[in-house]
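Everything below concerns the one structure shown next.
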Amino acid sequence: KHYNAMETSIQNRNTSYRNIINKIPNKRKRIYEIILKYNGITAQEISNLYRLPINQITGRITELKDMCFIKEGKLHVNHESGNYCTSYVAVKKTEEFMFLTNAKYSALVNMKKSLEFDYHYGLSEYTMKYIKKELKKIESKITRLDTLQKIAA
């Protein structure tokens, strides 16, 4: 079968995306693979099914969401409490991954600009320290997304 340039480009990009996922740390990767398997599972359901402490799951979910490998799905009813819980689904397509990382990147850049403006505006010392700390966190997230996008492109 002959592939045109567009098909080859898409295949290469999809392979790059799968390679990124394979390089994430093992604890994150395990939670990602569970979410991928169930394609709509809550943190509590993962905890119950795999007998893992909830705090080992929620942190990994936050990290995977920040990296745009998973996204929020439908609400599920927790049958024990009767409350609604967010389920999570894996981002499977490179195009969706790129869209989500671009949106998150833009939001982070806007947050950074707002905090920098506030920082230079002259706030209290406590607020200035907080803003400095938040700026470092945002910059780290921007750098991580930038690296992921370059690998996936």
When clusters are formed by joining ILVMFWY residues with side-chain heavy atoms under 4.5 Å apart, either directly or through shared neighbours, do [X] and [Y] land in the same one?
X	Y	answer
Met67	Val89	no
Leu75	Ile61	no
Leu52	Ile54	no
Ile142	Leu135	yes

Query raised in the report: Would you find more than 12 non-hydrogen atoms of other residues, nucleotides or ligands less than 6.0 Å from Asn26 atom CG?
Result: no

Flag the pair [X] / [Y] as yes when at least one side-chain heavy-atom distance between them is below 4.5 Å, and no otherwise.
X	Y	value
Ile41	Tyr88	no
Ser87	Glu72	no
Glu63	Lys27	no
Lys23	Ile151	no
Tyr50	Arg30	yes
Lys133	Lys137	yes

Which heavy-atom pair separates [X] from [Y] by the least distance, and what is that distance?
X	Y	answer
Ser47	Pro53	OG-C, 4.3 Å
Gln149	Asn102	NE2-OD1, 2.6 Å
Asn78	Cys85	CB-SG, 3.8 Å
Tyr84	Val77	CE2-CG2, 3.4 Å
Gly40	His76	O-CE1, 3.1 Å
Glu134	Leu115	CB-CD1, 3.7 Å

Pairwise distance [atom1]([X]) to [atom2]([Y]) - rounded to 0.5 angstrom:
X	Y	atom1	atom2	result
Lys141	Asp66	NZ	CG	4.0 Å
Ile46	Tyr38	CD1	OH	9.0 Å
Gln44	Ile57	CD	CD1	7.5 Å
Ile138	Lys113	CD1	NZ	12.5 Å
Lys37	Leu49	NZ	CG	8.5 Å
Ile34	Arg60	CD1	CZ	12.5 Å

Query raised in the report: Picking from Leu36, Leu64, Thr58, what satisfies side-chain contact (heavy atoms from CB on, under 4.5 Å) with Ile31?
Result: Leu64

Query raised in the report: Quick one: which of Leu148, Leu100, Val91 gives a side-chain contact (heavy atoms from CB on, under 4.5 Å) with Phe69?
Result: Leu148

Query - Worked verdict on Leu108 versus Lys112 for side chain to side chain contact (heavy atoms under 4.5 Å, CB included) - result: CA-CA 6 Å; Leu108 287 168; Lys112 181 182 175 192; over 6 Å; no

Query raised in the report: Judged by atom type as modelled, is there a donor-acceptor pair below 3.5 Å linking the side chain of Glu45 to the main-chain atoms of Thr42?
Result: yes

